[in-house]
A.B. asks: 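Starting off with a structure, shown below.
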Amino acid sequence: MGQSVWYITTPIYYPSDNLHIGHAYTTVAADALARFHRLKGEAVLFVTGTDEHGQKIQRKAEAAQMTPLEFVTPIVQYIQDPLWKRLGISYDDFIRTTEDRHRQVVQAIFARLQQQGDIYKGIYEGWYCVPDESYWTESKLVDGKCPDCGRPVERVRQESYFFRLSRYQDRLREHIVSHPDFIQPTSRQHEMLNFIDAGLEDLSVSRTGIQWGIPVPGDPDHVIYVWFDALTNYLTAAGYLSDMRRFQAVWPANVHLVGKEIVRFHAVIWPIMLLALDLPLPERVFGHGWLLIGQSKMGKSLGNAVDPIALLDRYGTDAVRYYLLREVPFGADGSYTEDSLILRTNVDLANDLGNLLSRTTAMIHRFSQDTVPSLVSAADDGVLAQLAAEVYREVDEAIEALAISDALAAVFRLVRRANKYIDEEKPWDLARQGDQVRLGNVLYGLWETLRIVSVLLTPFLIETPARIRYQLGIDEPVRHYREAIFGFDPAGRQVRRGAPIFPRIEPKPAMAGVEHQENAPPISIEAFQALDLRVATVRAASVVEGTDKLLRLTVDDGVRERTIVSGIRQHYAPDDLVGQQVVIVANLKPSKFRGILSEGMLLAASDGERLSLVAPISHVKEGARVK
Ligand code: MSP
């Protein structure tokens, strides 16, 4: 095997219910990271799977009058297909803890630790949280409930095997301190150090009285604690004990991606298991934040879970993936709303990316008979080439830091800059003036930027890169990250104009807060024509200091630049407006706001909740009359 393998894992999910978009969130993030590393030519092992034992599943199965295996199997199948399949999850291995290969490893590890004296038999007396499958001492409970999830706990008193966490406490602490990348984000590192410093108690690692689990070797009245069983999946999938040559290439894992509520298991119990086995510790345990509904964590038990399949049906794979990866900085909590998904899709994918593609192919069609012109670099100012090179580095660095949302933000900065470049360079004017060299450079630059974007988006989106490339006239798939370099692709391709790659999503009807106003009284056509409505392009935008509503905009109305003060600050960031076309009332009497003379106003639609500027749906010249 020789080559070292980049190994990434997700938590293995409980197949106690169908999964929701919180689970999809972790899995899509891991998938994007795996795809990114593959695109860089690395050998990757990406593992996900299901955690099928334990008391919670046993009870669910009893309630459904099925055996646990009968109960979980259809859920596991559903997770594989349609769920992960439709989300484009490119796992290399899907591990089920009920598989033989896994049972063997868990039992071998248990026996070895027992032999070494790291596992011993005693009596456990304390509390157990069934939904979390976690043990708690009396003093840790909060109001008599599980301190992690707030749900009721059950009293347990039984014979049990214990794992001597205490023996490894100092070595673990030392490792965390000397490897600042081990637990991320850093805030979680402090939490873990505090937890360790409070003193680690030996962990109960077996249960009696439940049957659904892996039996303790030589003592079948006990089944192995489900977390001990589950964490071991990371070794099983790497080939531990079954294929040690492969294991040498794969282990240690590069990233264990987990939700923040299970960092403790991965940053305390798991590394101690590995220390006891004399194995290197994973490079990184990354605890990401939660998707929230309002203020609470999305979850089955709260009844606020959003079904990923319903979203996929409505919006498609790439819109859902893009939203999950882009919306929330990876690591922080973030609120999920369907409206924010629609907004993200419309603004970034339909508007910014979709328009850039349709404008660029339309112009190459019109000014160059579909043929991508060649670059005559002498006359080119290199704006896009330079930004593309910056973004190339930024995406790479952001992914290295697992800042997935930042990586996408960088790609879309390039997209927006290219749209603005069209407005600045006005290729239609260059064509009219017969400036073929400049026109060729501009068109090639735009085309090449879109090709680069198709490469950069490859790890994140499934269908979009190929759809962009089809319209650009490229049939080859993206093969390597280094293709995202300006000038990589020669001129001469033939563009193929096509349908918008992301049609705008109409917000759901009957939105809360829509003001159903009475119709206004009729007016004459003359009264309407008295309004001078025109298309203008925003050239600059800034906030008006000392107000929380006002933006000061400089807009180009085709004749001159004028200042308009507009009360849209709560709905638009100034940077997002620059380069956008808007509709203005050009003959409104000028008036002053905060000492600034405003000459006109912007048209915007409002439903009482959201406000959206009105714009032509395809690019027209500044000054175009709206009638
Ligand atoms: N089976 C254990 C993990 C064992 S790993 C050795 C488990 N399973 S789980 O089905 O409950 O999945 C938990 C994981 O799902 C979380 O760690 C997180 O990655 C993801 N999420 C579940 N709900 C989530 C949100 N609301 N938001 C973000 N991620 C969430 O725990």
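We count residues from 1, following the sequence as given.
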A.B. asks: Determine, for Asp396 against Arg482, whether the closest basic-nitrogen to carboxylate-oxygen distance falls under 4.0 angstrom.
C.D. replies: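 No.
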A.B. asks: What closest approach, in Å, do Glu483 and Val478 show between heavy atoms, and which atom pair accounts for it?
C.D. replies: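 So the minimum-distance heavy-atom pair works out to OE1-CA, 3.8 Å.
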A.B. asks: What distance separates Ile89 CD1 from Thr10 OG1, expressed to the nearest 0.5 Å?
C.D. replies: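 Output value for this atom pair is 9.0 Å.
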A.B. asks: Within the side chain of Ser598, is there an N or O that forms a donor-acceptor pair under 3.5 Å with the backbone of Ile564?
C.D. replies: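 Between the backbone of Ile564 and the side chain of Ser598 there is no qualifying donor-acceptor contact (under 3.5 Å).
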A.B. asks: How many angstroms lie between CG in Leu384 and CG in Leu414, if you round to the nearest 0.5 Å?
C.D. replies: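 CG of Leu414 is found 7.0 Å from CG of Leu384.
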A.B. asks: Find the distance between CG (Leu446) and CG (Leu357) and round it off to the nearest 0.5 Å.
C.D. replies: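 Atom-to-atom, Leu446:CG and Leu357:CG are 11.0 Å apart.
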A.B. asks: Using a strict 4.0 Å threshold on nitrogen-to-oxygen distance, state whether Arg534 and Glu622 make a salt bridge.
C.D. replies: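 No salt bridge links Arg534 with Glu622.
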A.B. asks: Looking at Arg562 and Asp557, is there a salt bridge between them, counting it only when a charged N and a carboxylate O are closer than 4.0 Å?
C.D. replies: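 Yes, charged N to carboxylate O under 4.0 Å.
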A.B. asks: Check the side chains of Arg552 and Ser542 for a donor-acceptor pair under 3.5 angstrom, ignoring hydrogens and angles.
C.D. replies: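 Side-chain D/A pair, Ser542 to Arg552: absent.
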A.B. asks: For the residue pair Phe412 and Tyr322, is the inter-centroid distance of their aromatic rings smaller than 6.0 Å?
C.D. replies: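 Yes, close enough.
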A.B. asks: Is a donor on one side and an acceptor on the other found under 3.5 Å between the side chain of Arg539 and the backbone of Thr554?
C.D. replies: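 Judged by distance alone, no pair lies under 3.5 Å.
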A.B. asks: Please walk me through it: do Leu550 and Arg594 pass side chain to side chain contact (heavy atoms under 4.5 Å, CB included)?
C.D. replies: CA-CA 9 Å; Leu550 300 182; Arg594 302 269 167 158; 4.1 Å; yes
A.B. asks: Once rounded to the nearest 0.5 Å, what's the spacing between atom OH of Tyr7 and atom CG of Asp92?
C.D. replies: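 Result: 10.0 Å between the selected atoms.
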A.B. asks: Give the minimum heavy-atom separation between Leu353 and Thr464, together with the two atoms involved.
C.D. replies: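 Closest approach of Leu353 to Thr464: CD2-CG2, 4.2 Å.
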A.B. asks: Using the benzene-type ring in the case of Trp, are the ring centres of Tyr392 and Tyr481 under 6.0 Å apart?
C.D. replies: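 Yes, they do, as the ring centres are separated by less than 6.0 Å.
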A.B. asks: Determine whether the side chains of Asn419 and Arg359 contain a donor N or O and an acceptor N or O closer than 3.5 Å.
C.D. replies: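 Side-chain D/A pair, Asn419 to Arg359: present.
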A.B. asks: Decide if the gap between the ring center of Phe46 and the ring center of His37 is smaller than 6.0 angstrom.
C.D. replies: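 No, too far apart.
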A.B. asks: Can you tell whether the side chains of Arg496 and Asp475 come within less than 4.0 Å, N to carboxylate O?
C.D. replies: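 Answer for the salt bridge query: yes.
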A.B. asks: Starting from the C-alpha separation in whole Å, work towards a yes-or-no answer on side chain to side chain contact (heavy atoms under 4.5 Å, CB included) for Val415 and Val453.
C.D. replies: CA-CA 8 Å; Val415 170; Val453 166; 3.9 Å; yes
A.B. asks: In the structure I gave you, are the side-chain heavy atoms of Val255 and Glu283 within less than 4.5 Å of one another anywhere?
C.D. replies: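 The answer is no; the side chains never approach within 4.5 Å.
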A.B. asks: Heavy atoms only: give me the nearest Ala615-Val583 pair and the separation to one decimal.
C.D. replies: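 Residues Ala615 and Val583, closest heavy atoms: CA-CG2, 4.4 Å.
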A.B. asks: Does Lys621 come within less than 4.0 Å of Asp429, counting only side-chain N to carboxylate O?
C.D. replies: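 No, no charged N to carboxylate O under 4.0 Å.
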A.B. asks: Which atoms form the tightest heavy-atom contact between Leu456 and Ala484, and what is the distance?
C.D. replies: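 For Leu456 versus Ala484, the nearest heavy atoms are CD2-CB, 3.7 Å.
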A.B. asks: Please check this pair: side chain of Arg321 against backbone of Leu87, looking for a donor-acceptor N/O pair closer than 3.5 Å.
C.D. replies: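 Yes, Arg321 side chain to Leu87 backbone: donor-acceptor pair under 3.5 Å.
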A.B. asks: Atom NZ of residue position Lys549 - does it have more than 12 heavy atoms of other residues, nucleotides or ligands inside 6.0 Å?
C.D. replies: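 No, not enclosed.
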A.B. asks: Verify, without hydrogens or angle tests, whether Asp435 (side chain) and Leu430 (backbone) share a donor-acceptor contact under 3.5 angstrom.
C.D. replies: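 Not a single qualifying donor-acceptor pair exists.
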A.B. asks: Given side chains that start at C-beta, do those of Leu402 and Leu33 come closer than 4.5 Å, heavy atoms only?
C.D. replies: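 Leu402 reaches Leu33 side chain to side chain.
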A.B. asks: Check for a donor-acceptor pair, side chain of Trp290 on one end and backbone N or O of Gly259 on the other, with a separation under 3.5 Å.
C.D. replies: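 Not confirmed, Trp290 side chain does not pair with Gly259 backbone.
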A.B. asks: Identify whether the distance between the nearest side-chain nitrogen and carboxylate oxygen of Arg314 and Glu338 falls below 4.0 Å.
C.D. replies: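 Result for this pair is yes, salt bridge flagged.
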A.B. asks: Between the main-chain N or O of Ala398 and the side-chain N or O of Asp406, is there a donor-acceptor pair closer than 3.5 Å?
C.D. replies: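 Looks like no, no N/O pair under 3.5 Å.
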A.B. asks: Just verifying a value: how many Å separate His20 NE2 and Ile309 CD1, rounded to the nearest 0.5 Å?
C.D. replies: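 Reported value, rounded in 0.5 Å steps: 14.0 Å.
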A.B. asks: Would you please say whether a donor-acceptor pair under 3.5 Å links the side chains of Asp556 and Thr537?
C.D. replies: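 No, Thr537 and Asp556 have no side-chain donor paired with an acceptor closer than 3.5 Å.
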A.B. asks: Counting neighbours of CZ on Phe367 that are heavy atoms of other residues, nucleotides or ligands and sit closer than 6.0 Å, is the number greater than 12?
C.D. replies: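 Counting other residues, nucleotides and ligands, CZ of Phe367 exceeds 12 neighbours.
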A.B. asks: What I want to find out is whether Arg417 reaches Glu390 closely enough, with some N-O distance under 4.0 Å, to be called a salt bridge.
C.D. replies: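 Salt bridge absent between Arg417 and Glu390.
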A.B. asks: Do Tyr572 and Gln580 come close enough that some side-chain heavy atom pair is under 4.5 Å?
C.D. replies: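 A side-chain contact under 4.5 Å is absent here.
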A.B. asks: For Gln369 and His365, indicate whether the former's side chain and the latter's backbone hold a donor-acceptor pair under 3.5 Å.
C.D. replies: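 Checked: no pair found.
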A.B. asks: Would you compute the distance between atom CG of Leu292 and atom OG1 of Thr337 and round it to the nearest 0.5 angstrom?
C.D. replies: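 Going from the CG atom of Leu292 to the OG1 atom of Thr337 covers 11.5 Å.
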A.B. asks: How far apart are the closest heavy atoms of Ile21 and Asp307, and which atoms are they?
C.D. replies: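 Closest heavy-atom pair between Ile21 and Asp307: CG2-C, 4.4 Å.
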A.B. asks: Assess whether a salt bridge exists between Arg416 and Asp352, defined as any Lys/Arg side-chain N lying under 4.0 Å from an Asp/Glu carboxylate O.
C.D. replies: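 The answer is yes: the pair qualifies as a salt bridge.
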A.B. asks: Determine whether the aromatic ring centres of residues Tyr323 and Tyr315 are separated by less than 6.0 angstrom.
C.D. replies: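 Ring centroids of Tyr315 and Tyr323 are no less than 6.0 Å from each other.
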A.B. asks: So, does Asn355 use its side chain to make a donor-acceptor pair with the main chain of Asn351 at under 3.5 Å?
C.D. replies: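 Looks like yes, one N/O pair under 3.5 Å.
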A.B. asks: Side chains of Pro465 and Arg467: does their closest heavy-atom pair fall under 4.5 Å?
C.D. replies: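 No. Closest side-chain heavy atoms not under 4.5 Å.
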A.B. asks: Do Ser405 and Arg326 pass the side chain to side chain donor-acceptor pair (under 3.5 Å) test, and can you show the C-alpha distance, the side-chain angles, and the key distance before you say yes or no?
C.D. replies: CA-CA 4 Å; Ser405 166; Arg326 173 67 184 92; 3.2 Å; yes
A.B. asks: Would you check if Leu439 and Tyr444 make a side-chain contact, meaning some heavy-atom pair closer than 4.5 Å?
C.D. replies: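 No, their side chains stay 4.5 Å or more apart.
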A.B. asks: Is the closest basic N to carboxylate O distance between Asp333 and Lys260 below 4.0 Å?
C.D. replies: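 Yes.
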A.B. asks: Can you tell if the side chain of Ile183 reaches within under 4.5 Å of the side chain of Arg188, non-hydrogen atoms only?
C.D. replies: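 Answer yes - side chains close enough.
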A.B. asks: Evaluate the salt bridge (charged side-chain N to carboxylate O under 4.0 Å, His left out) criterion for residues Lys420 and Glu425: first the C-alpha distance (whole Å), next the side-chain angles of each, then the deciding distance (0.1 Å), finally the verdict.
C.D. replies: CA-CA 9 Å; Lys420 193 167 156 210; Glu425 296 296 327; over 6 Å; no
A.B. asks: Looking at every heavy atom in both Glu448 and Gly487, which two are closest together, and how far apart are they?
C.D. replies: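 Nearest heavy atoms, Glu448 then Gly487: OE2-N, 2.8 Å.
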A.B. asks: Do the side chains of Val320 and Pro308 get nearer than 4.5 Å, heavy atoms only?
C.D. replies: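 They are not in contact (no side-chain heavy atoms under 4.5 Å apart), so the answer is no.
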A.B. asks: Kindly determine whether Arg413 and Glu394 satisfy salt bridge (charged side-chain N to carboxylate O under 4.0 Å, His left out), including the steps that lead there.
C.D. replies: CA-CA 11 Å; Arg413 224 174 61 235; Glu394 254 180 69; 3.1 Å; yes
A.B. asks: Please confirm whether the backbone N or O of Pro180 pairs with a side-chain atom of Gln189, one donor and one acceptor, at under 3.5 Å?
C.D. replies: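 Checking the backbone N and O of Pro180 against the side chain of Gln189, a donor-acceptor pair under 3.5 Å is found.
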A.B. asks: Below 4.0 angstrom, N of the basic side chain to O of the carboxylate: do Glu476 and Arg493 qualify?
C.D. replies: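 Looking at Arg493 together with Glu476, the answer is yes, because their closest N to O distance falls below 4.0 Å.
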A.B. asks: Could you tell me whether the side chain of Val372 reaches within less than 4.5 Å of the side chain of Asp489, counting heavy atoms only?
C.D. replies: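 They are not in side-chain contact.
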A.B. asks: With a 6.0 Å cut-off on the ring centroids, do His23 and Trp84 count as close?
C.D. replies: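 Ring centroids of His23 and Trp84 are no less than 6.0 Å from each other.
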A.B. asks: Could you tell me whether the side chain of Asn254 and the main chain of Arg284 form a donor-acceptor pair under 3.5 Å?
C.D. replies: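 Not a single qualifying donor-acceptor pair exists.
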A.B. asks: Would you call Asp532 and Arg625 a salt bridge, using N to O less than 4.0 angstrom?
C.D. replies: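 So Asp532 pairs with Arg625 through a salt bridge.
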